[in-house]
Amino acid sequence: MVATFKIAVLGAQGVGKSAIVRQFLYNEFSEVCVPTTARRVYLPAVVMNGHVHDLQIMDFPPITAFPGRASPGHGSGAEPGLIPLCTLQEWADVCCRGLRSVHAYILVYDICCFDSFEYIKTIRQQILETRVIGTSETPIIIVGNKRDLQRGRVIPRWNVSNLVKKTWKCGYIECSAKYNWHILLLFSELLKSVGCARCKHVHTTIRFQGALRRNRCTIM
């Protein structure tokens, strides 16, 4: 039976999250930055160590707040001064549709932009605040993109890695969408985090097959 994993990719404008997705799927990179204004859904088929998995990768535009998070005000069933967003309100926002039902989150920031790190820091906290008590935690992987611009780094790598791994208890990977560095490692680690137990102890070699549909890829 083919397992389907839903993945949400979030980040501030200009961090290169869409470039990461396109480099993974199509092995291509564009120097032209085109802002993401609407949710984009990709459906690659992934074969990892002989097992097939369907991925639903959702590339979201920058959001002001995570859907389902309580907003200022007051109402029944909420903490004092907070009003929870109802399901209808959440689904009314097309850009955020499906964001709360994914199996894993990829939060991307630009290692040369402090504000982009503060953005994913806020989104991560809001994800935690909206989790339903008693349900399993949804894996979150923090990704520092633009490693090729290492000299412009604004936060030391060790500081970020230590915070993310030890305090946030999240995965952490740095990559370069431009040079396709650690892109495949990112998605390989992601599959492990969402329960691909068969892949945890096996070294994975990854390649693409052009014979497949343009929006599908293969990991072997």
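Bear in mind that the values here come from a model prediction, so they are computed numbers and not experimental data. Worth knowing before you read on, the calculation uses all heavy atoms, side chains too, and leaves out hydrogens, waters and symmetry mates.
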Heavy-atom closest pair, residues [X] and [Y]:
X	Y	answer
Cys113	Ser116	O-OG, 2.7 Å
Val154	Cys112	CG1-O, 3.4 Å
Ser176	Asp148	OG-OD1, 2.8 Å

Do [X] and [Y] have side chains that get closer than 4.5 Å, going by heavy atoms?
X	Y	answer
Leu128	Gln125	yes
Thr138	Ile127	no
Thr37	Pro61	no
Phe187	Ile141	no

- request: Could I get the full list of side-chain contact (heavy atoms from CB on, under 4.5 Å) partners for Asn159, not counting sequence neighbours?
  value: Ile155, Pro156

Pairing residues for Ser30 by the side-chain contact (heavy atoms from CB on, under 4.5 Å) criterion, not counting sequence neighbours: Val32

Donor-acceptor under 3.5 Å ([X] side chain, [Y] main chain):
X	Y	value
Ser161	Trp158	no
Thr167	Val164	no
Gln23	Glu28	yes
Ser188	Leu185	no
Tyr172	Asn162	no
Asn145	Ala177	yes

Cluster link [X] to [Y], ILVMFWY, side chain under 4.5 Å:
X	Y	value
Val21	Tyr179	no
Leu186	Leu149	no
Phe29	Val143	no
Ile142	Ile63	yes
Val9	Trp181	no

task: Please step through side-chain contact (heavy atoms from CB on, under 4.5 Å) for the pair Phe24 and Ile57, ending with a clear verdict.
output: CA-CA 11 Å; Phe24 173 64; Ile57 303 175; 4.2 Å; yes

Ring pair (Phe, Tyr, Trp, His ring centres under 6.0 Å) pairs, two or more places apart, involving residues 106-128: Tyr109-Phe117, Phe117-Trp168

message: By the definition side-chain hydrogen bond (donor to acceptor under 3.5 Å, both in side chains), identify the one residue from Gln150, Arg153, His182 that meets it with Glu174.
response: Arg153

message: Checking side-chain hydrogen bond (donor to acceptor under 3.5 Å, both in side chains) between Asp110 and each of Gln13, Lys146, Lys17, which is the one that passes?
response: Lys146

field: Distance, nearest 0.5 Å, that separates CD of Gln126 from CD1 of Ile120
entry: 12.0 Å

- prompt: What distance separates His103 NE2 from Leu55 CG, expressed to the nearest 0.5 Å?
  reply: 11.0 Å

field: Leu10 and its side chain to side chain contact (heavy atoms under 4.5 Å, CB included) partner, picked from Val15, Asp59, Ile123
entry: Ile123

Test log, rule side-chain contact (heavy atoms from CB on, under 4.5 Å), inputs Ile183 and Ile20: CA-CA 7 Å; Ile183 300 299; Ile20 289 174; 4.1 Å; yes

